[in-house]
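Have a look at the structure below before the remarks.
Worth knowing before you read on, the calculation uses all heavy atoms, side chains too, and leaves out hydrogens, waters and symmetry mates. Note that this is a predicted model, so its numbers are computed, not measured.
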Amino acid sequence: MTTGCKFCQIIEGDLAAHFVLDDDDVVAFLDHRPLFSGHTLVLPRDHIETLADLPADRVGPFFRQVQRVDGAVRAATEAPGSFVAENNVVSQSVPHLHVHVVPRRPKDGLRGFFWPRTRYASDAQAAGVAAGIRARLV
């Protein structure tokens, strides 16, 4: 864990988040400012800053978890598609490797990369969304 890293603080339990996956190597939790309900971040438990820093033997297992979360997000939100993305350094809001899994629908309003962020109406709503995704992890 790295001091000052918000994601490390979440993993350690020092900051609150709605987890959908929590295993020995990978965690996933709802983005606190989602593009759409169900927008989830998937990241390695260890503090790894960029994809290039992720050891080669961990790439496959990490992206298997991204794949699982993608399926669960789409099922829980009843979305026909998704957007899966990862930024390295530029536009990387927290310097801890993380992959965005965003449920998508036709004509959902997203165009390019200038997307307005929203907030969950309540902590209870976010907890319900997280529970729905957790229940659908395959």
Side-chain angles (χ1 to χ4, degrees):
M1 299 302 139
T2 297
T3 304
C5 173
K6 288 191 185 286
F7 289 168
C8 286
Q9 292 171 335
I10 289 170
I11 292 166
E12 287 294 310
D14 297 333
L15 292 176
H18 293 278
F19 282 82
V20 301
L21 174 68
D22 188 354
D23 74 15
D24 292 341
D25 299 315
V26 179
V27 298
F29 48 83
L30 297 181
D31 191 306
H32 78 286
R33 292 193 57 225
L35 292 169
F36 298 116
S37 178
H39 179 169
T40 300
L41 304 177
V42 184
L43 51 148
R45 178 175 290 285
D46 295 336
H47 184 85
I48 296 171
E49 290 196 12
T50 68
L51 185 58
D53 300 324
L54 184 65
D57 64 331
R58 293 181 59 190
V59 172
F62 176 73
F63 277 96
R64 170 63 184 122
Q65 297 293 41
V66 172
Q67 184 181 47
R68 290 182 64 222
V69 170
D70 176 63
V73 165
R74 286 184 291 114
T77 62
E78 299 179 349
S82 64
F83 175 73
V84 178
E86 185 264 330
N87 291 304
N88 283 302
V89 183
V90 176
S91 294
Q92 187 178 9
S93 58
V94 177
H96 188 129
L97 173 64
H98 58 286
V99 175
H100 295 260
V101 177
V102 181
R104 296 292 312 271
R105 291 174 174 74
K107 300 182 181 181
D108 60 16
L110 295 188
R111 294 198 180 12
F113 290 92
F114 302 104
W115 301 336
R117 296 294 187 107
T118 63
R119 295 199 183 275
Y120 289 95
S122 68
D123 194 56
Q125 180 196 20
V129 172
I133 295 168
R134 232 182 353 264
R136 289 165 178 86
L137 281 173
V138 178

Practice item. For residues Asp70 and Val84, report the shortest heavy-atom separation together with the two atoms involved. Key: OD1-CG2, 3.8 Å
Review point. For the residue pair Cys8 and His47, what are the closest heavy atoms and their distance?
Key: SG-ND1, 3.3 Å
Practice item. Determine whether Val26 and Leu41 fall in the same hydrophobic cluster, where Ile, Leu, Val, Met, Phe, Trp and Tyr are linked whenever their side-chain heavy atoms lie under 4.5 Å apart. Key: no
**Study point:** Side-chain heavy-atom pair Val99, Phe63 within 4.5 angstrom cut-off
**Key:** yes
Review point. Could you walk me through whether Val42 and Val101 pass the side chain to side chain contact (heavy atoms under 4.5 Å, CB included) check?
Key: CA-CA 8 Å; Val42 184; Val101 177; 4.1 Å; yes
Check your understanding: Is the backbone of Arg64 close enough, under 3.5 Å, to the side chain of Arg68 for a donor and an acceptor to pair up by distance?
Key -> no
Check your understanding: Do you know the tightest heavy-atom contact between Pro106 and Pro80?
Key -> CD-CG, 3.8 Å
Exercise for review: Ignoring hydrogens and angles, tell me if any N or O in the side chain of Asp46 forms a donor-acceptor pair with the backbone of Ile48 under 3.5 Å.
Suggested key: no
Study note, to complete from the structure: Partner of Phe29 under side-chain contact (heavy atoms from CB on, under 4.5 Å), picked from Leu21, Thr40, Ile10, Val20, is Ile10
Practice item. List the steps and the verdict of side chain to side chain contact (heavy atoms under 4.5 Å, CB included) for Ile11 and Leu43. Key: CA-CA 10 Å; Ile11 292 166; Leu43 51 148; 3.9 Å; yes
Review point. Cut-off 3.5 Å, side chains only: do Gln65 and Asp25 have a donor facing an acceptor?
Key: no
**Study point:** Val59 with Val69, same ILVMFWY side-chain cluster at under 4.5 Å
**Key:** yes
Review point. Are side-chain heavy atoms of Lys6 and Ser93 found at a separation under 4.5 Å?
Key: no
Review point. Do the ring planes of His39 and His100 sit parallel (below 30°), tilted (30 to 60°) or perpendicular (above 60°)?
Key: tilted
**Study point:** Chi angles and distances behind the side chain to side chain contact (heavy atoms under 4.5 Å, CB included) call for Ile133, Leu30
**Key:** CA-CA 10 Å; Ile133 295 168; Leu30 297 181; 3.8 Å; yes
**Study point:** Considering all heavy atoms, the nearest Pro103-Ala79 contact
**Key:** CB-CB, 3.7 Å
Review point. Just wondering, do Gln9 and Glu12 contact through their side chains at under 4.5 Å, heavy atoms?
Key: no
Review point. Any sub-3.5 Å donor-acceptor pair from His96's side-chain atoms to Pro44's backbone N or O?
Key: yes
Check your understanding: So do Arg119 and Arg33 actually touch side chain to side chain, heavy atoms under 4.5 Å?
Key -> yes
Exercise for review: Taking the side chain as every heavy atom from C-beta outward, state whether Asp24 and Arg45 have any pair of such atoms under 4.5 Å apart.
Suggested key: no
Exercise for review: Output, in order, the C-alpha distance, side-chain angles, deciding distance and verdict of side chain to side chain contact (heavy atoms under 4.5 Å, CB included) for Val129 and Tyr120.
Suggested key: CA-CA 10 Å; Val129 172; Tyr120 289 95; 4.1 Å; yes
Exercise for review: Kindly indicate whether the side chain of Phe36, heavy atoms from C-beta on, has any atom under 4.5 Å from the side chain of Thr77.
Suggested key: no
**Study point:** Main-chain N/O of Phe19 paired with Arg134 side-chain donor or acceptor, under 3.5 Å
**Key:** yes
